[in-house]
Amino acid sequence: MNATGDVKRLVAGLFCVGFPGLSVPSEVRELQELGVAGAILFRRNVENPIQFSSLGAELKSSAGRPFLTSVDQEGGRVMRLRDPFSEIPAMRALGAAGDESLAEAVGAVLGRELRAVNVDLDYAPVLDVDTNPANPVIGDRSFARSPEAVGRLGAALIRGLQRAGVAACGKHFPGHGDTSQDSHVDLPRLPHSLERLESVELPPFEMAIRAGVASIMTAHVIFEPLDARYPATMSRPALDGILRDRMGFDGVVISDDLEMKAIAEHYGLEEAVVRGINAGVDLFLVCHHADVQHRAIDLLAAAVARGDVPLARVQEARRRVDALVQRYVRPAAAAEAFRNVVGCAEHRAVIERVRAASPLLASTTGRDPTEV
C-alpha cells in the first residue's frame, strides 16, 4: 500500500457509518474494506431480534476484523429495539425514583440485552440537565433538573451497562439540556459562561468520567463565551480545553452525526471533519449516506496529507478508538443467544421497579426526535 493509501486507511478508522436496510449492503462492505471502525444501527435496520442479531453478526463477519456495532438504546422515546426487548422507561422516570442501585440495574438490563444481539456500544446515557421545559429534543430523556441527580444516576447506569460488557457514551457534551432548538434541524446557541457550565452542565460529565465512561458524544451547540463561531463538536476550547485538559477525559470523543442540519447546513463537511479532529474528536458519526461517508474520509485524508491535520493527532485518535474496540468488541454471538435474555423475567422485574417508583412518568410513548 502506498503512503496515500496508508493515510486513508488510518483516517477511515475514525468513522462509524449508518446505512438503510436489514442486511449489510455492498456500500458498507466497501467502507469496511477501507477500514471504517464500525456501524451505527437505527430502527430502519430492525425487523426482529433474530434478524437484528444476525445483522450484527454479518457486520462483524464481513469486516474480517474487530468491528464496532452501536445503537441508541436510551429508554423512553429513544429506543431502536422495542418489543420483545425490555421497554425501558424514559430516564425522567428513573430520575424520579432517585435510586442509584435501580439505575445500575437498568444499565445492566440494557447491556445484557444489547450484548445478546451483538451490540458493542450504546449511545447512552443522556447526561444533559433538564433545565429548559421548552427544550424540543432532550426533555424526558434527561434524568432530572438537578446536575447532582443527573450525574449520580448517570454514573450508576454507566456502571451497570459497562459491567454487562457494552460501552457507554455520555451525551451531549458540554450540555444540550438548556437549548430551545433541536440540533437535528437547527444550530442552537447558548450564552452560558464557563461559571454556569461548571455549576450546571459539566458536573454530570465529571461524575461519568469518574465512573469510567468509555466514550462521550459532543453537542452540535455553540456556547458563545467558549467559542462564538463553532459548536462544541468543532471547538478546541470545548473539547481539548475543557473535556481533555480540565476534566482529564482520555476515552473516545464521538461526534454527533455530521449529517445533522446543525452541521450540514452551517459548515462544509471538510470544515467539520478538519476542525472536529483538531478540536479533539476521535470518532465521527456519519449516519445516512455512503457518498457523504466516502467524501468525509477523503477530505480528512487529504487534510492530513496537506498538513492541516497533524498525523500525530490522527494516531492519538486511533489509539483511543482501537482501545475501545479491543475492550468492548466481541465476536458474534449465536443467532439464538438472545432468547433467554431479551425481555426475560429478571429484566421485567427491574422495569416494574421503575414503574412502581414513578408510575406517572414511566410511559415510553412520544416522538423520537433522533430518527430523522
Practice task
State whether a side-chain donor-acceptor pair under 3.5 Å links Asp120 with Thr69.
Solution key: yes

Exercise for the section: Would you check if the side chain of Asp128 reaches a backbone N or O of Arg141 as a donor-acceptor pair within less than 3.5 Å? Expected result: no

Practice task
Report the distance from atom CG of Leu110 to atom NE2 of His347, rounding to the nearest 0.5 Å.
Solution key: 9.5 Å

Practice task
Treat each ILVMFWY residue as a node, draw an edge where side-chain heavy atoms are under 4.5 Å apart, and state whether Val150 and Met207 are in one component.
Solution key: no

Handout entry: From CG (Leu157) to CD (Glu100), nearest 0.5 Å
Key = 11.5 Å

Problem - Nearest atoms (heavy-atom pairs only) where Arg77 meets Ile138 - result: NH2-O, 3.0 Å

Practice task
Might you work through the side chain to side chain contact (heavy atoms under 4.5 Å, CB included) test for Val273 and Val11, ending with a clear yes or no?
Solution key: CA-CA 11 Å; Val273 295; Val11 304; over 6 Å; no

Practice task
Please answer whether the main-chain N or O of Phe249 pairs with a side-chain N or O of Arg244 as donor and acceptor at a distance below 3.5 Å.
Solution key: yes

Handout entry: Donor-acceptor pair between Ser142 and Asp130 side chains, under 3.5 angstrom
Key = no

Handout entry: Backbone N/O of Val342 and side chain of Ser86: donor-acceptor pair under 3.5 Å
Key = no

Problem - ILVMFWY network linking Val166 to Leu55, side-chain heavy atoms under 4.5 angstrom - result: yes

Exercise for the section: Taking the side chain as every heavy atom from C-beta outward, state whether Val78 and Tyr123 have any pair of such atoms under 4.5 Å apart. Expected result: no

Problem - Heavy-atom check, side chain of Leu202 versus side chain of Pro174, under 4.5 Å - result: yes

Practice task
May I have the step-by-step check of side chain to side chain contact (heavy atoms under 4.5 Å, CB included) for Arg353 and Ser101, ending in yes or no?
Solution key: CA-CA 11 Å; Arg353 287 171 58 198; Ser101 66; 4.1 Å; yes

N/O donor-acceptor pairs under 3.5 Å from side chains in residues 22-31, not counting sequence neighbours:
unit_1	atom_1	unit_2	atom_2	d
Arg29	NH2	Glu58	OE2	2.8

Practice task
Report yes if some heavy atom in the side chain of Ile351 is under 4.5 Å from a heavy atom in the side chain of Pro89; otherwise report no.
Solution key: yes

Handout entry: Co-membership, hydrophobic cluster, residues Leu102 and Leu153, 4.5 Å side-chain
Key = yes

Exercise for the section: Taking Arg318 for its side chain and Leu14 for its backbone only, find out whether a donor-acceptor pair lies under 3.5 Å. Expected result: no

Handout entry: Flag side-chain contact, heavy atom, 4.5 Å: Val109 against Glu346
Key = no

Practice task
Without swapping roles, check the side chain of Gln293 against the backbone of Val286 for a donor-acceptor pair under 3.5 Å.
Solution key: yes

Handout entry: 4.5 Å side-chain heavy-atom contact, Phe143 and Pro204
Key = no

Practice task
Walk me through it: do Leu226 and Leu197 pass the test side chain to side chain contact (heavy atoms under 4.5 Å, CB included)?
Solution key: CA-CA 10 Å; Leu226 289 181; Leu197 290 175; 3.6 Å; yes

Handout entry: Side-chain donor/acceptor of Arg189 to backbone N/O of Ala228, under 3.5 Å
Key = yes

Handout entry: Which atom of Pro237 lies closest to which atom of Asp227, heavy atoms considered
Key = CD-OD2, 4.0 Å

Problem - Shortest non-hydrogen contact from Asn48 toward Gln51 - result: OD1-N, 2.8 Å

Problem - Pro231 to Ile222 - nearest heavy-atom pair and separation - result: N-CG1, 3.6 Å

Practice task
State, with a plain yes or no, whether a side-chain heavy atom of Ile254 is found less than 4.5 Å away from one of Lys171.
Solution key: no

Problem - Trace of the side chain to side chain contact (heavy atoms under 4.5 Å, CB included) decision for Leu59 with Gln32 - result: CA-CA 9 Å; Leu59 283 164; Gln32 288 181 317; 4.0 Å; yes

Fill in the blank from the handout: Interatomic distance, CG@Leu285 vs CE@Met260, rounded to 0.5 Å, equals 10.0 Å

Exercise for the section: Could you check if a side-chain atom of Ile277 sits within less than 4.5 angstrom of a side-chain atom of Val304, using non-hydrogen atoms only? Expected result: no

Handout entry: Minimum-distance pair of heavy atoms, taken over all atoms of Gly251 and Asp282
Key = O-OD2, 3.5 Å

Exercise for the section: Could you tell me whether Arg327 atom CZ has more than 12 heavy atoms of other residues or ligands within 6.0 Å of it? Expected result: no

Problem - Nearest-0.5 Å distance, CZ of residue Arg80 to CZ of residue Phe85 - result: 13.5 Å

Practice task
Check for a donor-acceptor pair, side chain of Arg9 on one end and backbone N or O of Leu34 on the other, with a separation under 3.5 Å.
Solution key: yes

Handout entry: Donor-acceptor pair between His289 and Arg295 side chains, under 3.5 angstrom
Key = no

Handout entry: Shared hydrophobic cluster for Val325 and Val17 (ILVMFWY, side-chain gaps under 4.5 Å)
Key = yes

Practice task
Kindly compute the distance separating CG (Asp99) from CZ (Arg152), expressed to the nearest 0.5 Å.
Solution key: 8.5 Å

Practice task
Following the transitive rule for hydrophobic clusters with a side-chain heavy-atom cut-off under 4.5 Å over Ile, Leu, Val, Met, Phe, Trp and Tyr, establish whether Val200 and Phe173 coincide in one cluster.
Solution key: yes

Completion exercise
Looking only at heavy atoms, the pair that brings Gly165 and Tyr328 closest together is O-CD2, 3.6 Å

Exercise for the section: Name all residues meeting the side-chain hydrogen bond (donor to acceptor under 3.5 Å, both in side chains) criterion together with Tyr230; count only those two or more places apart in sequence or in a different chain, and write none if there are none. Expected result: Glu271, Arg275

Problem - Exceeds 12 heavy-atom contacts within 6.0 angstrom, atom CG of Asn340 - result: no

Exercise for the section: May I ask you to test the Asn278-Asp308 pair for a side-chain heavy-atom distance under 4.5 Å? Expected result: no

Practice task
Without swapping roles, check the side chain of Gln73 against the backbone of Leu81 for a donor-acceptor pair under 3.5 Å.
Solution key: yes

Problem - Ala333 backbone acceptor or donor facing Asn118 side chain under 3.5 Å - result: yes

Problem - Pairwise distance CG(Leu68) to CZ(Arg330) - rounded to 0.5 angstrom - result: 11.5 Å

Exercise for the section: Spell out, as yes or no, whether a donor-acceptor pair under 3.5 Å connects the side chain of Gln162 to the backbone of Ala214. Expected result: yes

